[in-house]
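Encoded as structure tokens, the structure appears first; notes follow it.
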Amino acid sequence: MSSKDGVGGGGGDEAPPEQLALIRESVRRSRAPRAKPRTWRGAALAGELPVARVLVDKGVLHLDRYFDYAVPEELDEQAQPGVRVRVRFGAGRGRVREGRREGGGLIDGFIVERRAESDYSGPLAALAQVVSPEPVLGAELLRLARAVADRYAGSLADVLQLAVPPRSARAERRPSPEPLPPPQAPDAGSWARYENGGAYLEALASGGAPRAVWNALPGPLWSEEIARAVAATLASGRGALVVVPDGRAAARVDGALTALLGEGRHALLTADSGPEKRYAQWLAVRRGSVRAVVGTRAAMFAPVRDLGLVAVWDDGDDSHSEPHAPQPHARDVLLLRATLDRCAFLLGGFGCTVEAAQLVENGWARPLVAGREQVRRAAPLVRTVGDEDLARDEAARAARLPTLAWQAAREGLRHGPVLVQVPRRGYTPRMACAHCRAPARCRHCSGPLEGQDGGVLRCGWCGRDESAWHCPECGGFRLRAQVVGARRTAEELGRAFPAVPVRTSGREHLLDTVPGTPALVVSTPGAEPVAEGGYAAALLLDGWAMLVRPDLRAGEDALRRWMAAGALVRPQGEGGTVVVVAEPTLRPVQALVRWDPVGHAVRELAERAELGFPPVSRMAAVSGPPAAVTEFLTAVEMPSDAEVLGPVPVPPAPPGRPRRAGAPPPGEHWERALVRVPPGSGAALASALKTAQAARMARGSGEPVRVRIDPPDIG
DNA sequence: AGCACGCCGACT
DNA sequence: GTCGGCGTGCTC
């Protein structure tokens with residue numbers, strides 16, 4: 001602001017449009033049932049549809065509704081539905097100073113509609129500014145965001161923050177490329193290996209909306225198969241959207257799409273590109289220049305024109321879960337999109353989540369699977385090393401590597417690279433009973449006990465020393481380190497096979513691919529590089545450690561990670577072998593041996609239905625200080641069939657790692673209650689929680705509680 | 001969250 | 001009278 005603007009306050013012609021005088025008194029007296037935007041003196045308003053319905057960009061729940069603003073004549077043309085605007089939004093009826101009304105500060109928003117009248121019975125403030133004429137929030141995206149907000153008991157503004165990227169003026173100025181005409185429909189290619197693969201592609205190409213849960217055969221062809229599904233959809237004249245868990249998977253699908261369709265027909269939306277480039281890509285999609293998108297979870301909202309197909313790859317990967325409020329899951333967002341847009345749906349992976357099995361079970365989607373013969377042809381041979389084998393195995397106790405694994409590695413190294421999967425450190429509790437392998441927990445806070453240099457145990461959460469541990473399960477008093485990290489495993493293997501190069505891939509040092517020459521590749525789950533020509537063998541070490549987590553998903557998750565590694569191994573017919581160090585009687589281990597993730601998920605689903613666990617019933621977690629949680633729960637008008645479990649104390653967050661939403665701040669005691677409803681009452685539960693939360697926020701009373709629909713980590 | 005409104009007690 | 005305490009409720 002220059003100094004001359006500050007004196008006298010008489011901006012005259014140059015006054016911004018919102019600073020128009022309001023005859024305040026007359027408005028207050030009359031309380032007309034319909035606000036006429038004409039209550040603004042001297043304001044020349046838009047001739048037609050002078051009211052703009054605006055979504056104010058504040059995430060707070062009690063502001064989760066639209067506000068009407070008057071459209072000044074000079075903004076008439078630009079103030080179209082979907083554009084970003086700035087409006088005055090503030091308390092009370094505003095101060096009137098020097099004949100000029102000043103509301104609160106300027107805040108951002110989106111125009112959602114232009115109307116002839118407002119049903120607000122008060123004077124309307126005028127739009128302050130149209131930020132840009134680019135209509136970024138279309139009707140379909142708005143409808144989707146609304147559905148996601150409802151489903152997750154969150155606010156529309158929060159969802160839009162995830163769905164609409166921040167503006168970059170430079171990216172908007174750049175014209176998007178001319179759209180290319182639809183490509184030819186591809187042939188079935190490797191989809192022919194699946195029972196209904198060809199039919200699925202044909203349905204896509206002819207404009208249909210088939211919904212499928214696809215259990216992908218092991219091997220590298222999955223990304224090409226996704227590309228074919230996209231191409232078939234494009235051939236029908238519609239758009240397609242693919243969401244994958246990480247940048248590496250996105251790059252693979254991107255490569256497959258480029259190979260199949262050439263450049264220019266699809267956009268890659270990942271976090272790797274900077275904000276400006278990202279927005280430019282997003283705009284190209286919104287403008288219809290690009291009809292297909294592949295990306296990581298933020299791409300789930302990509303405004304693809306005339307959507308014909310949504311696809312998710314590996315929905316069990318937790319990076320599909322958005323960490324920002326209201327924490328929607330890509331699978332469920334795409335499920336909503338498929339329903340709202342009546343488009344095709346493809347949920348694929350090497351494993352099979354319980355949610356995926358449920359979609360098939362309740363008839364919403366159909367299975368897209370290969371026959372057993374094809375599975376046998378593509379899958380590696382899986383062998384197990386259980387406790388009995390280990391007990392007999394003197395060598396294993398000395399070198400930590402069971403004889404069978406040793407042999408498989410040596411044999412494999414004669415033909416190519418060998419993958420060694422080691423659970424990530426910190427993924428599991430660190431010490432366990434040497435006898436029954438129950439994780440050793442702190443008797444005060446249930447945190448994981450860690451070995452100290454001096455031999456004394458210390459709790460990883462509360463820091464208390466433990467000098468007299470004994471196992472509460474079996475009474476044993478000897479401990480063993482649970483998991484040996486990737487680095488030490490690599491060192492040990494390096495000594496064991498001195499002639500072979502050892503490479504490691506982990507969160508820090510991600511290897512993308514390794515050559516097909518003999519090498520030991522030590523990797524944590526999810527970081528496995530792809531080997532040229534496939535691995536000759538894979539050793540899945542400390543498999544039991546992945547299964548002892550006190551989590552509903554431990555079994556499903558372990559199986560998913562094993563299968564992801566096993567899928568990189570050559571087929572059995574080419575000598576591909578997987579050795580998993582885990583009890584062969586356990587259900588996930590058996591499913592791996594038979595390479596039958598769907599059967600595992602179906603059985604798991606039946607069990608969850610029986611026990612009333614998600615996803616068969618819907619759950620919500622309410623966490624916060626004990627008094628606040630109790631108070632909140634009594635305030636919620638629960639659906640009649642809701643059931644409250646708990647509350648129980650929430651263990652404090654492990655120090656060092658960033659605190660997750662739902663965990664108490666350091667030094668505070670929190671509790672968490674779970675609310676459970678049977679199938680069909682999920683929407684009612686979300687709505688009840690949202691209403692109660694809104695009322696609570698509006699009053700600003702007491703300490704805040706956190707509400708999360710579908711909490712991922714219920715023990 | 002801010003912030004104004006308004007209904008009560010103590011003051012010039 | 002009227003100044004200002006903070007409890008309540010609104011924000012177009």
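Source: prediction; values computed, not measured. Chain A is the first sequence line, chain B the second, and so forth, proteins listed ahead of strands; every chain is numbered from 1.
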*Verify side chain to side chain donor-acceptor pair (under 3.5 Å) between Glu172(A) and Tyr279(A), making sure each step is shown before the conclusion.*
CA-CA 8 Å; Glu172(A) 269 177 13; Tyr279(A) 185 53; 2.6 Å; yes
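Atom CZ in Phe89(A) sits roughly 14 Å away from atom P in dA1(B) (whole-Å rounding). If you measure from atom CG of Leu55(A) to atom P of dT11(C), you get 16 Å, rounded to the nearest angstrom. Computed from coordinates, the Ile107(A) CD1 to dC10(C) P distance equals 18 Å when rounded to whole Å. We find that CG of Asp68(A) is positioned 13 Å from C1' of dT11(C), with the value rounded to whole Å. In this structure, OH of Tyr69(A) is placed 8 Å from C1' of dT11(C), rounded to the nearest angstrom. The nearest whole Å value for the distance from the CG atom in Asp158(A) to the P atom in dA1(B) is 14 Å. Rounded to whole angstrom, the span from the CG atom of Leu106(A) across to the P atom of dG2(B) amounts to 16 Å. Rounded to whole Å, atom P of dT11(C) lies 19 Å from atom CG of Asp57(A).
With sequence neighbours excluded, no residue forms a ring pair (Phe, Tyr, Trp, His ring centres under 6.0 Å) with Phe613(A).
Applying the 5.5 angstrom centroid cut-off and the 30 degree plane-angle cut-off, the aromatic ring of Phe67(A) is not stacked upon the base of dC12(C).
The side-chain heavy atoms of Val648(A) and Glu671(A), taken from C-beta on, include no pair separated by under 4.5 Å.
Looking only at atom types and distance, the side chain of Asp64(A) has no donor-acceptor partner in the side chain of Ser155(A) under 3.5 Å away.
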